[in-house]
Amino acid sequence: MPSAATPPYDFDLFVIGGGSGGVRAARMAAGTGARVAIAESYRYGGTCVIRGCVPKKLLSYAAHFHEDFEDAAGFGWEVGPRRFDWAKLIANKDREIDRLEGIYQKLLDNAGVKRHHGHARLLDAHRVEVGDKVFSAETMLIATGGTPSFPLGHGWEHAISSNEAFHLDALPERVVIYGGGYIAVEFAGIFNGLGSQVTQIYRGPQILRGFDDDVRDTLAAELVKKGIDLVVETTIDSIEKAEQGLVLHLFDGGRLDCDLLMAATGRKPNVENLGLDAAGVELNDRGAIKVDALSCTSQPNIYALGDVTDRINLTPVAIEEAMAFVDTVYRGRERAMDHSDVPSAVFSHPPVSTVGLTETQARGKVGDIDVYRSTFRPLKHTLTGRDEKTMMKMIVERASQRVIGIHVVGLDAPEIVQGMAVAIKAGATKQQFDATVGIHPTAAEELVTLREPLPDPAREAAE
Ligand code: NDP
């Protein structure tokens, strides 16, 4: 793709998008002495900081107090009258997000990155337009993230996405969450814990498709125990605005009234109006920017990373892709990010965390495996009386005895699995887990004391 701009360029690197990946790449590249600029059309911090991971987890903490107050009674505490103030929570959350955004801006400024406010559009491979200004750069990096996608059909303009959920004027009484993925189960837990009456509608037979089946079944049972009305194998056909709230018409002819409908039906890469055609940047068949292992696009001087490439859409992955990009382009150490065994968590109530292969994936990929599973009531709930279970599962490759998957549903699951992910990354075997002394009394010790594998259905079938 010929460019109208020739060296010397205004910048060595121009980053489009000030989210987790873009900011990290800009700062680190500037730290090597490169002349770097960044354009952001909204707020620094991107999805994670402004309307994703961080505010979501703050709301999730808020929702948990509901049970914490109840659970306190079992430990002898008498808690007086309780009142929840949505406006106060949102104001406090907004203050924290403002503070974090300020830190992101300061980090960029301190690194010497030139910030430009506005939508950036590539004019060709080396020129980018932001508002009425045009800049040239030797290397371009696209890190524009993703945006919620809504189902097709009548009336979806009355629904909100998670973006708006962070700014509602008041806590709605009757909430319907549509979808069965990360965002759906997280917000079902948030609204339920804060006191809304929640119905979650999912089109498939079980929520969290792609997760281990025992995780899916365990979490679904826990959501129902907490009072969420989980409706599966149902779709919303159309939505009507009523005098009070919304009327949802379901596929089976049923009707549901609610005050708020939130679509959590996936996200799509932000690729619109970026000038990708003009710059010679191709998309893949999922509508994401096509990149190679080094995050290079079909145009050799243009890179892309994070959700806009739709590889693994998680903040720490975008950050690691950014670090690999900076190593490759600015530190002379060509390095592809290793996307294997990336741990992740779903901040549902109770949370889920997982690393490595599911049982189904392992049977398909490695063949003979041993599966260990333990389900128990956490010590805390022996006094609270709460009927909430923890489920832990370990997948072991039989021939090598390597642990290739760990899946936990229950209190502190993400905090437990982060450490386990190091062991998996290091290739630890079941025997090394067994040789590790537990920390007592914890839930995590269960993972170093799993004794008997489950009966193997493949072996039983052969007998
Ligand atoms: P997910 O892809 O996780 O889930 C989307 C859900 O919507 C699925 O249950 C899907 O069903 C359903 N769905 C999709 N299209 C339709 C449709 N047209 N009609 C009905 N249902 C539909 O997306 P999310 O929006 O929950 O999250 C996006 C991504 O953001 C996640 O995949 C994750 O990478 C990231 N994320 C990570 C978090 C974390 O780390 N804790 C938290 C939040 C988001 P089906 O399964 O049948 O396809």
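Residue indices begin at 1 and follow the sequence shown. Every number for a ligand or one of its atoms is a count from 1 in the order of the listing.
- For R335, the salt bridge (Lys or Arg N to Asp or Glu O under 4.0 Å) test picks out E320, D327, with sequence neighbours left out.
- Under the rule for a ring pair (Phe, Tyr, Trp, His ring centres under 6.0 Å), F433 has no partner lying at least two apart in sequence or in another chain.
- Of the possible polar contacts, one joining the S353 side chain to the S344 backbone as a donor-acceptor pair under 3.5 Å is found.
- Formation of a donor-acceptor pair under 3.5 Å by the H116 side chain with backbone atoms of A39 is not found in this model.
- Annotation: ligand 1 has protein neighbours K56, P151, Y178, G179, G180, G181, Y182, I183, E186, Y202, R203, R209, A264, T265, G266, R267, N313, L314, A345, F347, each with a heavy atom less than 4.0 angstrom from the ligand.
- The ring pair (Phe, Tyr, Trp, His ring centres under 6.0 Å) search around H407 returns none, not counting sequence neighbours.
- Using a 4.5 Å heavy-atom threshold, the side chains of D257 and R174 count as touching.
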